[in-house]
Number of protein chains: 2
Amino acid sequence: MRLSTKGRYAVTAMMDLAVHQDTGPVTLADISRCQGISLSYLEQLFAKLRRQGLVKGVRGPGGGYRLAKPPRDISVADIILAVDEKVDTTLCEGQENCQGGKRCLTHELWNNLSQQIYDYLAQINLEEFLSRPSVREVIERQGEGGQHRHEHEVRRFTLA
Amino acid sequence: MRLSTKGRYAVTAMMDLAVHQDTGPVTLADISRCQGISLSYLEQLFAKLRRQGLVKGVRGPGGGYRLAKPPRDISVADIILAVDEKVDTTLCEGQENCQGGKRCLTHELWNNLSQQIYDYLAQINLEEFLSRPSVREVIERQGEGGQHRHEHEVRRFTLA
DNA sequence: CTTATAGTTGACTGATTTGCTCAGGATTAG
DNA sequence: CTAATCCTGAGCAAATCAGTCAACTATAAG
């Protein structure tokens, strides 16, 4: 599992679809404008999301993209795996120059940790995430006034 | 925060140091041999880990690297942040063509999620991780097996 | 003191990934 | 029809990844 800006783009875009689920399809042009990503790049990302069965495209005027499944059935891990190719594992493969087998355990330790991170992200689905109080607060704050927020809040931990 | 093979290398290497904490410093050459990473690449990674105060170098024969702090004070998030540069945030900057401000909330949603992932990784420190039953099992299973030693360890043993 | 070990640093390089442009299709609402 | 929108593919510049090479410094061992 890899976590980069690519995955972030995909996740934020999917959140966008989830939030506007009842207000019709969302066009890539809108997402592009709002998130500052190029349209063609978004098209590539959505091609993957579509191939993984996470979104459905609606063609023609008034079209756009919508979620292919209820938000409950889409996890953050699903989204990230859809756009980020899996990474090779480059094991040491138990080479005999590994000293007494005592050191190569780190691979297993990583596997252990890696699985945990995956499980954590797999357990967060869009519905659950959007229904959290802290998240709802953000959504409602945006909904009420037309004021543009999101000044440069210190974004120390951009998972990207 | 980014999660890639680079971060994985760093984390597994740090686990290595933590496991062999009482058996003296671990050389990059050993880690290189066992994990199949090039020595020079490891040197670059450890230069960053060192600058962040996570490891200390011990020069001269019998030297190597050791943890600069007790394993309890080193989190997985620390390690990953040390080697992975932070990424630009590419905000939408509150452009007025964001439709009623209603769509740009996805940035904040991402921040929310991002913070959670960070918190999750920040709460896993090396000591706690290595003491987990499932992890200890891996370590002990490796420890008992084929014990053919290398000249290195023989030499280090006679020193002590 | 001399030497071998091992960290430290920096310049450089090829491969891959990222993010993007351009150029065209295909599909459908009005 | 026409315009909006998805869809597809080729191609490309920049960044990052992963590694090589080459020198240097500090230190323990003999």
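All values below were derived from every heavy atom in this structure, side-chain atoms included, with hydrogens, water molecules and symmetry-related copies excluded. Throughout, a chain's letter reflects where its sequence line sits, starting with A, and its residues are numbered from 1.
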Whole angstroms only, please: what is the [atom1]-[atom2] distance between [X] and [N]?
X: A:Leu54; N: D:dC6; atom1: CG; atom2: P; result: 17 Å
X: B:Arg2; N: D:dA18; atom1: CZ; atom2: P; result: 11 Å
X: A:Arg33; N: D:dT5; atom1: CZ; atom2: C1'; result: 13 Å
X: B:Lys56; N: D:dT27; atom1: NZ; atom2: P; result: 13 Å
X: B:Phe46; N: D:dA18; atom1: CZ; atom2: C1'; result: 16 Å
X: B:Leu42; N: C:dT8; atom1: CG; atom2: P; result: 13 Å
X: A:Tyr9; N: C:dT17; atom1: OH; atom2: P; result: 18 Å
X: A:Asp84; N: C:dG19; atom1: CG; atom2: C1'; result: 13 Å

| query | Under a single-linkage definition using a 4.5 Å side-chain heavy-atom cutoff for Ile, Leu, Val, Met, Phe, Trp and Tyr, are A:Tyr118 and B:Val76 assigned to the same hydrophobic cluster? | reply |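 Result: yes, single cluster for both.
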| said: I'd like to know if A:Leu39 and A:Leu49 are part of one continuous hydrophobic network [Ile/Leu/Val/Met/Phe/Trp/Tyr, side-chain heavy atoms within less than 4.5 Å]. | reply: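 As far as the 4.5 Å side-chain criterion goes, A:Leu39 and A:Leu49 are connected within one cluster.
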| So which one's nearest nucleotide on DNA chain D is more toward 5', B:Gln44 or A:Gly63? |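 Result: A:Gly63.
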| request: May I ask you to decide if the ring planes of A:Tyr65 and A:Phe46 are parallel, tilted or perpendicular, using 30° and 60° as cut-offs? | output: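 Geometry flag for A:Phe46 against A:Tyr65: tilted rings.
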| Parallel, tilted or perpendicular: which describes the rings of B:Tyr120 and A:Tyr120, with under 30° parallel and over 60° perpendicular? |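 The arrangement is parallel - the two ring planes meet at less than 30°.
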Below 3.5 Å is the cut-off: list the nitrogen or oxygen pairs between protein and nucleotides 24-30 of chain C, distance only.
| from | atom 1 | to | atom 2 | distance (Å) |
| --- | --- | --- | --- | --- |
| C:dT27 | O4' | A:Arg59 | NH1 | 2.7 |

| Between A:Leu39 and B:Arg50, which has a closest nucleotide on DNA chain C that is more 5'? |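 Here B:Arg50 is the residue nearer the 5' end.
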Below 4.0 Å: OP1/OP2 of [N] and any side-chain N or O of [X]:
X: A:Ser4; N: C:dT17; result: no
X: B:Tyr65; N: C:dT8; result: yes
X: B:Tyr41; N: D:dA18; result: yes
X: B:Ser40; N: D:dA18; result: no

Give a yes or no answer on whether the side chain of [X] reaches the backbone of [Y] with a donor-acceptor pair at less than 3.5 Å.
X: B:Ser32; Y: B:Ser38; answer: no
X: B:Thr12; Y: B:Arg8; answer: yes
X: B:Asn112; Y: B:Leu109; answer: no

| message | What's A:Leu28 touching, base or sugar-phosphate or nothing? Going by heavy atoms closer than 4.0 Å. | response |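 Counting heavy atoms under 4.0 Å across all strands, the contact made by A:Leu28 is with sugar-phosphate only.
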| query | Under 4.0 angstrom, heavy atoms only, what part of the nucleic acid is A:Ile37 near: base, sugar-phosphate, or nothing? | reply |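 The residue A:Ile37 makes sugar-phosphate contact but no base contact.
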| field | Degree of bending in the helix from C:dC1-D:dG30 to C:dG30-D:dC1 once both end axes are built from five pairs, to 10° | value |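 Roughly 20° between the end axes, to the nearest 10°.
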| In Å and rounded to the nearest 0.5 Å, what is the CD to CG distance from A:Gln21 to A:Asp16? |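 It is 12.0 Å, given to the nearest 0.5 Å.
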| task | Compare the minimum distances between each of D:dT16, D:dT8, C:dT21 and the side chain of A:Ser38, then state the nucleotide with the smallest one. | result |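 The closest nucleotide is C:dT21.
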| query | Is the NZ atom of B:Lys56 crowded by more than 12 outside heavy atoms at less than 6.0 Å? | reply |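 Counting other residues, nucleotides and ligands, NZ of B:Lys56 stays at 12 neighbours or fewer.
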| task | Give the C-alpha distance, both sets of side-chain angles, the deciding distance and a yes or no for side chain to side chain donor-acceptor pair (under 3.5 Å) between A:Asp119 and A:Gln115. | result | CA-CA 6 Å; A:Asp119 289 345; A:Gln115 182 66 43; 3.0 Å; yes
